[in-house]
Amino acid sequence: MTDSLLMSSGKPRIFSGMQPSGVLHIGNYLGALRNWAKIQYDFEPIFCVVDQHAITVYQDPKALRESIEQVAALYLAAGIDPDHSAVFVQSQVPGHVELGWIFTCVTPMGWLGRMTQFKAKSGNQETVGTGLFCYPALMAADILLYQAKIVPVGEDQAQHLELTRNIAERFNHLYGDTFVVPETRLPAVGARVMGLDDPTQKMSKSAEGANHAISMLEEPGRIKKLIGRAVTDSNPQVEWETAGPGVRNLLGIFQAFSEQSNAEMRAEFDGMRYGDLKKRVTEMVVESLSPIQAKYRELMNNRDHLRHILQRSAERITPIAEQTVQLAKERTGLFSG
Ligand code: AQP
């Protein structure tokens, strides 16, 4: 890697993003977003709304446009500081698709075919676009474009991150040392929040069940209903050691929000009836989301300011992206002027 690509602050660079494929849910928050906000000042952070990933499955254009700004506003409302962290939209920076194409060419189809997310998502589609298959190559480009050292994500993205590492290593092997090989950073708790209606499936923005996810914008009354209907089991009360997946998920959500230790959790919940457990989880979720929702509303009521933040960040990071694309073009022998 050339020195000029190293970050100016001397801190390691981190990159992460979310798809505007629906309203963010508490899994997105606990698995990734909250962690981003916590660690941002220890790094040189870049957070992206990855809209080009979202269109790997059909999105209603009007809804997508709205969702992009919603996701950006939720980043900021959850504590991402735009004066420190870059917050922008993937399609604002052409380097993502330019490098994405180069990586599509160096990525064997067999690697992409093994991705469990592709298998899961393609199973639900009538027609599967090629982009859904190539998605991980574009994701590798998102990260490697900025030579990020660390990528904070939830557990479901660990396989894609491993592939990113493989793509970086393959490119470096074929064309010479060019890309930093990034590390995955999972949160200590909340790395995998499960669906309330089916605790064997991870909570997902695009899942269809009405009782599946708690969106970050959900109203208190609806949160109460959703948690009230969450799948548990036939036991009458919490048994920490032997709790089934539904109860473990509710305990996990509470623990992730409250950041209590296992000992504190056991002391509070062992022997508690499920009705009371659900009440405590509801209170915790409502209390934690309410300041974020208030900040979100403020941001969405001032779209010009929000767009200005996105534009300013995109301008700040575009030179880094251009420099990497130029280097990748030179290394691969493409015409680079
Ligand atoms: N259930 C989850 N628990 C913990 N973390 C999660 N993440 C997603 N679901 C959970 C993390 O949130 C970030 C969002 O990544 P994404 O938007 O690119 O897509 P995703 O991982 O596919 O998330 P969704 O919510 O399931 O969206 P759809 O339905 O559109 O595919 C990542 O860091 C992810 O690990």
Side-chain angles (χ1 to χ4, degrees), residues 14-39 45-60 63-64 67-68 70-72 74-75 78 80 89-90 96 115-125 129 131-132 135-136 138-143 148 150-164 182-209 212-217 230 245-246 248-250 252-253 255-257 285:
I14 56 173
F15 177 94
S16 204
M18 297 201 193
Q19 300 179 62
S21 44
V23 184
L24 300 188
H25 51 73
I26 59 169
N28 299 134
Y29 177 65
L30 296 171
L33 187 47
R34 184 179 61 169
N35 196 25
W36 301 356
K38 266 191 199 161
I39 64 176
I46 302 178
F47 300 119
C48 184
V49 180
V50 287
D51 57 347
Q52 286 155 343
H53 287 285
I55 59 164
T56 54
V57 296
Y58 177 79
Q59 306 288 333
D60 171 72
L64 176 62
S67 189
I68 290 168
Q70 276 189 342
V71 171
L74 276 172
Y75 284 6
I80 302 298
V89 184
Q90 188 181 28
H96 289 257
M115 295 298 106
T116 53
Q117 209 177 75
F118 171 71
K119 288 181 193 159
K121 284 198 176 173
S122 56
N124 302 332
Q125 305 298 315
L132 189 62
Y135 165 118
L138 179 60
M139 177 167 160
D142 299 336
I143 297 161
I150 290 168
V151 187
V153 286
E155 209 175 77
D156 65 312
Q157 289 296 337
Q159 193 188 32
H160 287 160
L161 255 297
E162 198 45 45
L163 187 74
T164 296
E183 295 160 25
T184 310
R185 171 80 60 100
L186 300 179
V189 280
R192 182 177 282 265
V193 177
M194 309 308 280
L196 297 180
D197 55 347
D198 179 359
T200 65
Q201 300 296 320
K202 79 157 189 127
M203 191 174 280
S204 205
K205 278 180 237 106
S206 50
E208 296 204 332
H212 172 78
I214 303 176
S215 110
M216 289 182 69
L217 301 176
R248 272 208 311 276
N249 191 35
L250 291 174
I253 290 170
Q255 184 168 24
F257 274 113
V285 175

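Just follow the structure's listing: the first ligand is 1, and inside any ligand the first atom is 1.
Note that CG of L30 is 4.0 Å distant from CZ of F257, once rounded to the nearest 0.5 Å. To the nearest 0.5 angstrom, K121 atom NZ is 6.5 Å from S204 atom OG. Atom CD of residue Q201 and atom CZ of residue R192 lie 9.5 Å apart, to the nearest 0.5 angstrom. Considering NZ of K205 and OG of S67, their distance stands at 8.0 Å, rounded to 0.5 Å. In this structure, OG on S16 lies 8.0 Å from CD on Q157, to the nearest 0.5 angstrom. To the nearest 0.5 Å, the span separating CD on Q117 from OG1 on T56 amounts to 8.5 Å.
Nearest-residue assignment for atom 26 (O) of ligand 1 (options H53, K202, H160, M18; heavy-atom criterion): K202. If you check each of L24, N28, V71 against atom 8 (C) of ligand 1, the one with the closest non-hydrogen atom is N28. Of all the listed residues (N249, V193, V49, V57), V193 holds the heavy atom that lies closest to atom 1 (N) of ligand 1.
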For L196 and M203, what are the C-alpha separation, side-chain angles and deciding distance, and is it a side-chain contact (heavy atoms from CB on, under 4.5 Å)?
-> CA-CA 8 Å; L196 297 180; M203 191 174 280; 4.2 Å; yes
Show your working on side-chain contact (heavy atoms from CB on, under 4.5 Å) between L74 and M18 and close with a plain yes or no.
-> CA-CA 11 Å; L74 276 172; M18 297 201 193; over 6 Å; no
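Side-chain contact between L138 and Q90: present, with at least one pair of heavy atoms (C-beta onward) separated by less than 4.5 Å. Between N28 and M216 the shortest side-chain heavy-atom distance does not fall below 4.5 Å. Side-chain contact check for T164 versus P182: some heavy-atom pair is nearer than 4.5 Å.
Heavy-atom proximity to S21, at under 4.0 Å, picks out these atoms of ligand 1: 28 (P), 30 (O). Those atoms of ligand 1 with a heavy atom of R192 less than 4.0 angstrom away are 3 (N), 4 (C). Per-residue contacts place A191 under 4.0 angstrom from the following atoms of ligand 1 (heavy atoms of the residue considered): 3 (N), 4 (C), 5 (N). When each atom of ligand 1 is checked for a heavy atom of G190 under 4.0 Å away, the hits are 4 (C). Interface atoms of ligand 1 facing G31, defined by a heavy-atom separation under 4.0 Å, are 4 (C), 5 (N).
Residue contact check for ligand 1: A207 places no non-hydrogen atom closer than 4.0 Å to it. Heavy-atom separations between Q117 and ligand 1 include at least one value shorter than 4.0 Å. A heavy-atom separation below 4.0 Å is not found between L30 and ligand 1. In this structure, K121 is part of the shell of residues with a heavy atom less than 4.0 angstrom from ligand 1. Heavy atoms of M194 stay at 4.0 angstrom or farther from ligand 1.
Of all protein heavy atoms, the one lying nearest to atom 33 (O) of ligand 1 is G154 N, 3.2 Å. Here the protein heavy atom with the shortest distance to atom 21 (O) of ligand 1 is D156 OD2, 2.5 Å. In terms of protein heavy-atom proximity, atom 25 (O) of ligand 1 is nearest to H25 NE2, 2.7 Å. The single protein non-hydrogen atom nearest to atom 32 (C) of ligand 1 is Q157 CG, 3.8 Å, given as residue, atom name and distance. In this structure, atom 28 (P) of ligand 1 lies nearest to the protein heavy atom S206 OG, 3.4 Å. Looking only at heavy atoms of the protein, atom 19 (O) of ligand 1 is closest to Q19 NE2, 3.3 Å. When only non-hydrogen protein atoms are considered, atom 17 (O) of ligand 1 lies nearest to K205 NZ, 2.4 Å. The protein atom (non-hydrogen) at minimum distance from atom 5 (N) of ligand 1 is G27 O, 3.1 Å.
Note on ring orientation: taking the six-membered ring where Trp is involved, the planes of W36 and F47 are parallel (angle under 30°, cut-offs 30° and 60°).
Proximity of A32 to ligand 1, defined as any heavy-atom pair under 4.0 Å, is confined to the side chain (atoms from C-beta onward).
Judged purely by atom type and a 3.5 angstrom limit, N249 uses its side chain to pair as donor or acceptor with the backbone of M194.
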